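Please read the structure below before turning to the comments.
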2 protein chains.
Amino acid sequence: MNVQLEDTCGKREAVLNSTLSLLRKHGFHGTPMSQIAKHASVAAGTIYHYFESKDALILELYVHVKNKLALAVMAGDDEHQTYKERFFNCMLNQYNFYIENEDSLVFLEQYVNSPYANQHPEIDSQLFVDKVISFFKYGIENAYFKNIDSRLLAPTIKGTLVAAAYFQLSQHMVFSKDDIIEVINVIWDGIKKQ
Amino acid sequence: MNVQLEDTCGKREAVLNSTLSLLRKHGFHGTPMSQIAKHASVAAGTIYHYFESKDALILELYVHVKNKLALAVMAGDDEHQTYKERFFNCMLNQYNFYIENEDSLVFLEQYVNSPYANQHPEIDSQLFVDKVISFFKYGIENAYFKNIDSRLLAPTIKGTLVAAAYFQLSQHMVFSKDDIIEVINVIWDGIKKQ
DNA sequence: TTGTACCGAATGAACGTTCAATTAGAAGAT
DNA sequence: ATCTTCTAATTGAACGTTCATTCGGTACAA
């Protein structure tokens with residue numbers, strides 16, 4: 001078995017968390033491995049025990065964060081509810097995940113707009129594809145949405161929500177739950193059939 | 001007068017354009033000054049004649065690009081048209097600017113999600129604020145939009161459009177003008193009064 | 001003669017990564 | 001229980017490279 005990859009005392013996790021936290025304030029080029037090591041209370045060499053390189057660390061962090069996002073978004077999903085109810089639940093979950101995990105939001109946005117995403121389009125969270133993407137595919141196939149190019153739906157929905165969450169965080173303000181429901185309504189009114 | 005900032009034979013502009021182009025493929029940390037100099041056919045030292053540092057170069061590039069965006073978005077704006085017509089014109093202009101200036105789109109997205117934007121929130125294009133922001137303020141004040149928090153409108157609108165444009169570029173596909181009109185309709189249906 | 005534009009080799013700091021050495025702990029033997 | 005052995009985990013100083021920036025110098029225009 002891969003005993004050497006088991007991360008017995010949580011140092012791997014500590015490195016991932018420290019990287020996430022430092023990346024937000026200083027960006028990728030402003031976050032040296034030495035600083036990650038210090039923040040994670042780990043020697044520089046230890047990072048290379050768990051990750052092949054700084055690039056590999058970033059890629060694994062991306063999958064790590066997106067896995068957590070997928071779990072959060074689909075939390076409490078109930079197939080007996082109407083599709084609209086399920087949609088609102090997912091959207092609210094997603095929004096809350098972002099504002100409760102600011103570092104994750106900023107990192108995900110940095111990542112998708114970075115050369116990493118372009119150079120490694122095959123890297124993604126299997127969990128996210130299986131759960132979240134599938135949910136929207138279901139909505140498209142069962143015609144809950146307007147008849148627009150299905151490839152346009154995901155970015156349209158995501159863009160609005162991320163923009164709102166990002167705005168809230170960057171402006172250090174708080175929107176009420178009703179404000180957010182209103183935003184989700186904007187999305188829903190925009191894309192729903194009819 | 002600032003004769004030393006006049007850029008007699010276009011080297012300043014060349015540096016800005018080269019930076020924009022290189023940043024897209026390699027990101028900030030992957031784009032050394034030496035490479036920018038080579039790409040712009042300029043000596044490394046020359047860059048420092050026009051820009052105080054690499055950071056200053058990025059900041060000035062941001063304003064430069066956003067100025068061009070502002071001009072493009074408001075092109076052909078006609079105050080005699082209905083607000084909806086003007087809105088569609090702006091949105092279409094913005095979308096077209098993005099897909100005709102991929103480097104600019106990627107850079108702007110990279111920038112707003114980078115520590116630069118957080119550390120220099122005061123830096124922006126005066127032209128953009130005066131023209132584009134004003135146009136949306138007008139729409140809010142005259143109640144063309146739903147009664148949602150006005151601070152939520154801009155990110156909501158922008159997010160959708162940028163996401164669609166970014167998606168088109170990242171997937172190397174082409175949406176027809178009708179497809180885009182449809183996206184703008186999604187936005188309009190979402191935010192318009194009633 | 002003075003100052004601006006420009007050059008590109010040189011500089012020094014910072015960085016990602018390596019590696020020889022040390023520790024920790026588990027498994028096996030006595 | 002105790003000792004032995006083996007391997008994974010960890011350390012941090014050292015290495016070689018790369019990079020942003022500097023600076024002494026040239027060319028040219030006013």
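In what follows, every chain begins at residue 1, and chains take the letters A, B, ... in the order their sequences are listed. Because the structure is predicted, anything quoted here is derived from the model rather than measured. Note that these values count all heavy atoms, side chains included, but never hydrogens, waters or copies made by symmetry.
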| Would B:Y98 and B:Q168 satisfy side-chain contact (heavy atoms from CB on, under 4.5 Å), going step by step from the backbone distance to the final call? | CA-CA 10 Å; B:Y98 287 147; B:Q168 162 163 346; over 6 Å; no
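A pairwise comparison of heavy atoms in B:P115 and A:Q110 identifies CD-NE2, 4.3 Å as the closest pair.
Side-chain atoms of A:S53 lie closest to C:dT17 of the nucleotides C:dT17, D:dA9, C:dC7. Comparing atom distances between the B:T46 side chain and each of D:dT21, C:dG16, C:dC7 picks out C:dC7 as nearest. Listed nucleotides C:dT17, D:dT21, C:dC7 differ in distance to B:Y48; the shortest reach to its side chain belongs to D:dT21. When the nucleotides D:dC19, C:dC7, C:dT18 are ranked by their closest atom to the side chain of B:A43, C:dC7 comes out on top. Out of D:dT10, C:dC6, D:dT21, the shortest distance to the side chain of A:K11 is found at D:dT10. Comparing D:dT10, C:dA5, D:dT11 by their closest approach to the side chain of A:V42 singles out D:dT11.
Taking for each of A:G45 and A:H29 the nucleotide of DNA chain C with the nearest heavy atom, the 5'-most of the two is the partner of A:H29.
No donor-acceptor pair closer than 3.5 Å links the side chain of B:N101 to the backbone N or O of B:D103.
For the pair B:K54 NZ and C:dA14 C1', the interatomic distance rounds to 13 Å; values are reported in whole Å. Computed from coordinates, the A:M33 CE to D:dG12 P distance equals 16 Å when rounded to whole Å. Going from atom NE2 of A:H26 over to atom P of C:dA14 covers 15 Å, rounded to whole Å. Distance, B:E13 CD to C:dA5 C1': 17 Å, rounded to whole Å.
Between B:D124 and B:K66, at least one side-chain nitrogen of the basic residue sits less than 4.0 Å from a carboxylate oxygen of the acidic one, meeting the salt-bridge criterion.
Listed pair A:H49 / D:dA9 meets the phosphate criterion, a side-chain N or O lying under 4.0 Å from OP1 or OP2.
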